[in-house]
2 protein chains.
Amino acid sequence: MTDSPKGDLLPGTLEMLILATLRREPLHGYAIAQRIQRNSDDLLRVEEGSLYPALQRMLIEGWVSAEWGMSARNRRVRIYTLTAAGAKQLGRETARVGRMIDGIARVMRPSEA
Amino acid sequence: MTDSPKGDLLPGTLEMLILATLRREPLHGYAIAQRIQRNSDDLLRVEEGSLYPALQRMLIEGWVSAEWGMSARNRRVRIYTLTAAGAKQLGRETARVGRMIDGIARVMRPSEA
DNA sequence: ATCTATGCATAGACAACCTTGGCATTCGTA
DNA sequence: TACGAATGCCAAGGTTGTCTATGCATAGAT
């Protein structure tokens, strides 16, 4: 992957991004990372060493389920599906992060401070 | 302080918020935390155990300078001032966080995913 | 044959935040 | 005059979450 545009994430937003990415359709891990990178227009990038541990945590929490399958490229893949609990969690996290970003915006605007 | 509305921050944004808060005028630590909480309409809250270590780091980096003084309530306080390097850093951080929030928004919007 | 992309996953390092606790002073109030 | 609440600074330790580095394996292209 040579180099890449470089762009980590804001800690505390990864699981929300994964859940949001799984809203439309189940995806395997590798594809999730690519979607996030592509959908963010290369602004965000998810490292595999962050992605898979996050998926493990979310499996344990019951926010996603997983099953083995085959990718379009004929490779063995683990496909993750958003659960009802995961959808609920997505709502909570979206609200939480939204509040924080709202708060950040208020502190940052020049009229304040 | 009884209870409080509860609301931590998005990790990776604290120093930016402090720098932004010092744009207008020098402030002492305790006042910085209160400003952020008040200016964010109680959406954000800075714990003292996060604030002071952050100020130490920023002193070392040269983004703020500090001197002892007296508060309006006649108390011994350490007053922090934004340096030129700090202003530059504020610009960089603002851009970085802005990009990430932009990226998050793109991933989260229903048309994507 | 070898390289690149695809794909899953773990271990360890590291940064940054929070919790807890400690210390000291001022001011209001009972 | 004693006491609590608010103001103020700071350190130690734990937790969490990310990244880096590494390992393994296979498909497809050159």
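Within every chain, numbering begins at 1; the chains are lettered A, B, ... in the order of the sequence lines, protein sequences first and strands thereafter.
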[X] has an atom [atom1]; how far is it from atom [atom2] of [N], in whole Å?
X: B:E67; N: D:dC9; atom1: CD; atom2: P; result: 13 Å
X: B:E47; N: D:dA11; atom1: CD; atom2: P; result: 17 Å
X: B:R96; N: D:dT18; atom1: CZ; atom2: P; result: 14 Å
X: A:L9; N: D:dT20; atom1: CG; atom2: P; result: 11 Å
X: A:L10; N: C:dC17; atom1: CG; atom2: P; result: 11 Å
X: A:R45; N: D:dT20; atom1: CZ; atom2: C1'; result: 11 Å

Any heavy-atom pair between the side chains of [Y] and [X] that's under 4.5 Å?
X: B:L19; Y: B:L82; result: yes
X: A:L43; Y: B:R99; result: yes
X: B:E93; Y: B:E15; result: no

Base versus backbone protein contacts along nucleotides 7-16 of chain C [heavy-atom cut-off under 4.0 Å; B, S, -]
BBBB------
For residues B:R78 and B:Q56, report the shortest heavy-atom separation together with the two atoms involved.
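Minimum heavy-atom separation between B:R78 and B:Q56: NH1-NE2, 4.1 Å.
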Going only through I, L, V, M, F, W and Y residues with side-chain contacts under 4.5 Å, is there a path from B:L10 to B:I32?
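Same hydrophobic cluster.
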Would you mind checking if B:R106 and A:D41 are paired as a salt bridge, meaning a charged N to carboxylate O distance below 4.0 Å?
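Between B:R106 and A:D41 there is a salt bridge, with a charged N closer than 4.0 Å to a carboxylate O.
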